[in-house]
Q: 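Attaching a single structure in C-alpha cells format; questions to follow.
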Amino acid sequence: MTYDGLRIGLGHDTHRVGAGGPLRLGGIDIPSDLHLIGHSDADVLLHAVTDALLGAAGLGDIGDWFPDTAPENQGRDSTEMLLDVYRAVRKQGYQLVNLDCIIFAQRPKLKDDKPRIRDHLARLLEVAPDRIGVKAKTGEWVGPVGREEALMAECVVLLAPSEKTP
Ligand code: MG
C-alpha cells in the first residue's frame, strides 16, 4: 500500500438544545423530548462530518458552502448539504477510506441509536458500515453538554485517491 495522496480531515460542531423532539442526528429522527436549534435543521453530527470531508479535500468549510445568513439555508436538510459536499469531494478524485465520530450528549442516551446512525451514514456515503465509527459520550454533568444546553459532535475522515474515475 502506498500512502501517497491520503488526506485526513477534522470536523467539529455545536448546537443549542431546545425543548420538544424529535432529535435530528446523523440524518435520522431520534425519539426525544429535545431538538437542536440552528439556521438549518441543526444536525450537529452531519455538520461535523461535512466539515471533516471539506477539510480533507481542501475545499474550505461548511460556512463557506452554506452561509447561515443565506435564506435558502434556513431549515435546510443537512443530508442535502452532506451529499452536495461528498459529490464535490469525489469529483476531486477522492474516496472515503473511513470515518470516525463522537456525539457529545448528556441526554438522550444514544446506546441503542448508534448502530442505526452508523448504518445510515454508511448508506449516505456508500461505504460498508465497518468503515464508519459512531461513539457517544455524556458531558459528565459539566460544561454546556453536561448542563444539557448543547450537543456537540466531532468527526475525522480519511480520504484516498479514487480507484476509479468518479
Ligand atoms: Mg452546525
Side-chain angles (χ1 to χ4, degrees), residues 7-90 92 94 96 98-110 113-114 116-125 127 132-140 142-159:
R7 304 287 292 255
I8 193 167
L10 171 67
H12 174 96
D13 199 26
T14 304
H15 277 276
R16 279 177 298 126
V17 163
L23 178 66
R24 172 65 66 91
L25 200 55
I28 58 177
D29 283 330
I30 291 168
S32 171
D33 59 347
L34 305 173
H35 71 284
L36 293 174
I37 299 167
H39 186 67
S40 67
D41 69 1
D43 190 325
V44 72
L45 178 57
L46 290 195
H47 292 180
V49 170
T50 302
D51 247 351
L53 286 167
L54 285 170
L59 289 171
D61 72 18
I62 196 168
D64 298 332
W65 279 63
F66 308 103
D68 64 4
T69 48
E72 68 268 25
N73 295 328
Q74 184 145 24
R76 190 160 181 175
D77 183 346
S78 298
T79 299
E80 250 180 54
M81 301 195 247
L82 171 63
L83 293 179
D84 274 5
V85 161
Y86 195 42
R87 210 171 295 121
V89 165
R90 289 196 282 192
Q92 295 276 100
Y94 295 114
L96 180 64
N98 75 309
L99 175 161
D100 194 19
C101 61
I102 309 174
I103 304 157
F104 298 84
Q106 188 65 44
R107 202 159 56 85
K109 278 270 177 257
L110 296 167
D113 301 293
K114 287 185 297 179
R116 216 152 59 91
I117 295 172
R118 180 200 61 209
D119 291 351
H120 187 69
L121 285 176
R123 264 197 306 277
L124 287 178
L125 299 171
V127 294
I132 306 287
V134 175
K135 304 195 281 283
K137 314 282 288 180
T138 71
E140 289 288 332
V142 295
V145 171
R147 290 191 299 266
E148 300 183 353
E149 295 164 359
L151 259 61
M152 294 184 189
E154 289 174 353
C155 178
V156 286
V157 300
L158 187 66
L159 302 178

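Just so you know, these numbers come straight off a predicted model, no measurement behind them. Hydrogens, waters and symmetry mates play no part in the numbers below; they use all other heavy atoms, side chains included. Whatever order the structure lists them in is the order used to number ligands and atoms, beginning at 1.
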Q: Please name all residues satisfying salt bridge (charged side-chain N to carboxylate O under 4.0 Å, His left out) with Arg116, sequence neighbours left out, ordered by chain then number.
A: Asp113
Q: Listing by chain and number, what protein N/O/S atoms are under 2.8 Å from the Mg ion (ligand 1)?
A: Asp13 OD2, His15 NE2, His47 ND1
Q: Side chain to side chain contact (heavy atoms under 4.5 Å, CB included) with Phe66: which of His39, Glu72, Arg76, Glu80?
A: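 Exactly one option meets the side chain to side chain contact (heavy atoms under 4.5 Å, CB included) with Phe66, and it is Arg76.
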Q: Do other residues, nucleotides or ligands put more than 12 heavy atoms under 6.0 Å from the NZ atom of Lys137?
A: no
Q: Determine, using ring centers only, whether His12 and His47 are less than 6.0 Å apart.
A: no
Q: If you count every heavy atom of other residues, nucleotides or ligands that lies below 6.0 Å from Arg147 atom CZ, does the total exceed 12?
A: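 Atom CZ in Arg147 is packed in, count exceeds 12.
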Q: Let's go through Asp41 and Ser78 carefully: what are the C-alpha distance in whole Å and the side-chain angles of both, what is the deciding distance for side chain to side chain donor-acceptor pair (under 3.5 Å) to 0.1 Å, and is it a yes or a no?
A: CA-CA 6 Å; Asp41 69 1; Ser78 298; 2.4 Å; yes
